[in-house]
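For reference, the structure is listed below as structure tokens.
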Amino acid sequence: MSKGLLIVVSAPSGCGKGTILGEILKDDKFYYSVSATTRSPREGEQNGVNYHFITREDFEERIKNNAMLEYAEYCGNYYGTPKKEIEEMREMGKNVLLEIEVQGAMKVREICPDAVFVFILPPSVNELERRLRKRGTETDEVIAERVSQAKGELAFAEKYDYVVVNNALEDAICDFRAVIKAEELKVSNAKEIIDEVINNA
Ligand code: 5GP
């Protein structure tokens with residue numbers, strides 16, 4: 001069995017990243033790494049499922065104990081990837097998905113050179129704002145902050161390996177699956193498949 005991929009996905013909020021990843025995660029070959037955050041849960045979010053919702057004090061303690069693969073401050077809150085389980089899951093052949101913002105992604109680029117980086121783009125910034133408003137979970141002030149944040153983040157897209165444009169959801173999911181398939185078929189990731197064919201010759 002080949003080692004699973006480490007797939008880092010970034011997108012400004014409102015790009016539909018959650019919906020795309022929700023579809024991908026229906027396949028149990030994928031494992032979603034649940035991040036820790038100091039922000040408050042939104043309606044419907046569950047502790048341990050969407051995030052580990054923890055205090056700033058607890059978060060800083062985890063940083064000190066080197067328990068985070070990476071972390072970043074985003075819109076006034078800490079967000080971080082717990083180290084635990086990532087390697088374990090990959091060794092079990094699972095493709096591990098990290099859904100993180102750009103600063104954290106660039107740190108993972110340094111720490112894990114074999115990770116795959118995917119940026120999900122909205123069709124336009126206007127459409128992104130429209131989707132944020134439709135979601136109705138944030139105040140006007142927070143939406144304005146997120147849109148301005150998004151503009152800055154979009155500039156990072158070119159530092160990723162792949163882009164997926166979420167114009168039509170079905171197409172975006174299909175493109176995302178195509179990226180994963182291409183990565184799985186890379187010679188560097190398929191060594192065991194090649195060996196098996198050679199040994200059974
Ligand atoms: P939200 O508050 O909308 O759930 O997330 C805000 C941003 O934080 C998103 O861009 C999301 O991808 C990012 N994020 C979530 N978890 C992590 C994490 O563990 N590390 C980093 N660096 N960013 C994260």
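All residue numbers refer to positions in the sequence shown, counting from 1. Counting convention: from 1, in listed order, for ligands and their atoms alike.
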Problem - Cation over ring face, Arg39 and Phe53, 6.0 Å, 45° - result: no

Practice task
Find out whether the Lys NZ or Arg CZ of Lys107 is both under 6.0 angstrom from the six-membered ring centre of Tyr71 and within 45° of the ring's axis.
Solution key: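 The answer is yes; both the distance and angle limits are met.
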
Handout entry: Glu45 side-chain N/O to Arg42 backbone N/O, donor-acceptor pair under 3.5 Å
Key = yes

Purely on distance, is any nitrogen or oxygen of [X] under 3.5 Å from one on ligand 1?
X      : value
Glu101 : yes
Ser35  : yes
Gly80  : yes
Tyr79  : yes

Completion exercise
Atoms of ligand 1 under 4.0 Å from any heavy atom of Glu99, numbered from 1 in the order shown, are 12 (O), 14 (N), 15 (C), 16 (N), 17 (C), 24 (C)

Problem - Ligand-residue contact atoms, ligand 1 with Ala72, heavy atoms, under 4.0 Å - result: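 So the atoms of ligand 1 that pass are 22 (N).
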
Examine the proximity of ligand 1 to [X] and report which part, side chain or backbone, both or neither, has a heavy atom under 4.0 Å away.
X      : value
Tyr74  : side chain
Lys17  : side chain
Gln149 : neither
Lys107 : neither

Practice task
Please state whether Arg146 comes within less than 4.0 angstrom of ligand 1, counting heavy atoms only.
Solution key: yes

Exercise for the section: Decide whether Glu85 and Tyr31 meet the rule of one side-chain donor and one side-chain acceptor closer than 3.5 Å. Expected result: yes

Exercise for the section: Taking atom types as modelled, find out whether Glu127 and Asn167 have a side-chain donor-acceptor pair closer than 3.5 angstrom. Expected result: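 Checked: Glu127/Asn167 side chains show no N/O donor-acceptor pair below 3.5 Å.
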
Practice task
Answer yes or no: is there a side-chain heavy-atom contact under 4.5 Å between Leu97 and Val9?
Solution key: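 Sidechains of Val9 and Leu97: in contact.
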
